[in-house]
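The next block holds one structure in the form of C-alpha cells; read it before the comments.
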Amino acid sequence: MTKHPRSEQLFERACRVIPGGVNSPVRAFKAVGGTPLFVQRGEGQHLIDADGRKYLDLVNSWGALILGHAHPAVVAAIVEMARSGTTFGAPCAGEVELAERIVGSYPGLEQVRFVSSGTEAVMSAIRVARACTGRDLIVKFSGCYHGHADHLLVAAGSGLATFGTPSSAGVPAAFTGCTRVLPLDDEAAVDELFSREGAQIAAVIIEPVPANHGLLLQRREFLQKLRDVTRKHGSLLIFDEVICGFRLARGGVAQLTGIVPDMATFGKVIGGGMPVGGFGGSREIMKRLAPLGDTYQAGTLSGNPVAMAAGITTLDIMIKESGWERLEQISAAVERALLPVCKDAPFPIHFVRAGSLFWMSFHDGAAPRTAASMSQQAVQRYSALFHAMLDRGVYLPPSAYEACFLSLAHTNADIEQLTRALRESLATLT
Ligand SMILES: *Cc1c(COP(=O)(O)O)cnc(C)c1O
C-alpha cells in the first residue's frame, strides 16, 4: 500500500475535532481499511489528494458530479452568482429556472420545492404524503437508502414483511414503528402487507434503480406492481430519484420505465455539486405545503442562489450537449472494456450496469436483485482490490456495497487506464 503522509496527518488532526475524522461515515474507509484520502482538488475526471497524487475518480461525489469536477461553465456560473450575493432568504430567479427545468423534464411532475439535501427532500416528501392521505405508515425496501431521517433508518428486513426496528442508536422505536420494510423483487410480500395494512399505508418509497447496496436492478414488473397496488389502496408511490434522476435519463427512471410515481425526490445531479435537494408531485399534492396548505416545511438556505446557478448550468449542458446519450456511450464502452476482465478474474465478479452507474459485484452467485450480504471473503477481496486500484491511480468507492459513477469527463484514455489497472490489480489478488 502506498503511503499518503499528508492525508495521514490531516486524518489524525481531523479525528481530534471531528467524530471519526469525517462528516459522512463512508468517507472514513472503514469498509476497506487504511486512511481516507484528503482531497486537495478535483479536475474533470480526476481527484488530486493532499500528497499531490492524481486519481481517476469513479465516485464523483457519489453521483453529484455528472459533468466531472470543476466544470468551467459551472464554476463560472457559481462565481458570477456569488459576486451578487450568496444567500438572500427571499425568492430569486434561479429557483424558478431550475424548477422549470425539473418540472419540464420529469413525467407527471407539476411542482417542485427545493431543500438542501436528499435527506431533507425525502423527509419532506413523506410528510406531504402523510398529510395528503391522512395515514401514517410508510413502506420502504431493504437495501434502499433514503437519507438519514429517523423513520427511514430502519434495519433491512428479509423474507416476510418486518416491523421497522431502528438501524441506528438515537432513533426511538416509536418513530420507526410507522415504517414497514419489505424485500425488493418480491410481489407476494407486497401483496401480503397491503392485504393486512393497505388502508393505513400513506406511501411506498423506493429507489427505482436501487444504487445504495451495490446496484440491485429491479424488474419493470415489480415497479409496475408497486404502481398498481398503491393506486388500488389509495397510497402514494414515491420514487427516490436522488441518484437516478437526471443521471439515467433526463426524466429519471419514470421516463425509462414509463411508470410515473405520485411524488419524486431529487438531489445529487440537480445541484451540480452544490447542496440541493428537491421533491415534487402534482399541484394537487404539493398544494398541501405551507404557505398554501397545512403541511409545514422550510429552509434558511433552500433554493440557494449559488446552488441554483450550479444546477441550472449543469442541466443546460446536459440538455444542449446530448449529455445522456454521450454518457451512455462512455458507460457502454466501460462495460465492453471491463466485462472480459471481470470474466477472467480469479474469483467471480459480476459486472452490473444501469446507464452511468456500474457495480462490480463480488457475490459468489449471480448478481443479486435483493439486499443480500456478501461473504466475509468477498468483502476482503474488494478491500484488497480497492487498495490495489488506488496504488494504480484509480479511486473506487470505498465499500464493496457502493456503485461506481461515471461522468461526461471520462475519456477513452481513462477507460484504458481503468481496464489496465483492473487487470493488474486482480492479478495481484490471486
Ligand atoms: C444520497 C441519497 C439520499 C440522501 O441524500 P443526501 O444529500 O446525502 O442527504 C437519499 N436517497 C438516495 C437514493 C440517495 O442516494
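Keep in mind that what you see is a predicted model, and the values were worked out from it rather than measured. Numbering of ligands and ligand atoms starts at 1, following listing order.
One side chain, Arg250 or Ser105, offers a donor N or O that lies under 3.5 Å from an acceptor on the other.
A side chain to side chain contact (heavy atoms under 4.5 Å, CB included) with Arg369 is found for one member of Asp185, Leu184, Leu215 and no other, namely Asp185.
Under 4.0 Å from any atom of ligand 1, one finds heavy atoms of residues Ser117, Gly118, Thr119, Tyr145, His146, Gly147, Glu207, Asn212, Asp240, Val242, Ile243, Lys268.
Here the side chains of Arg27 and Pro398 are not in contact, with every heavy-atom distance at 4.5 Å or above. Within the 4.5 Å cutoff, no side-chain heavy atoms of Leu37 are placed close to those of Arg53.
Checking side-chain atoms of Asp262 against main-chain N and O of Leu237 turns up a donor-acceptor pair under 3.5 Å. In this structure, Arg247 contributes its side chain and Gly63 its backbone to a donor-acceptor pair below 3.5 Å.
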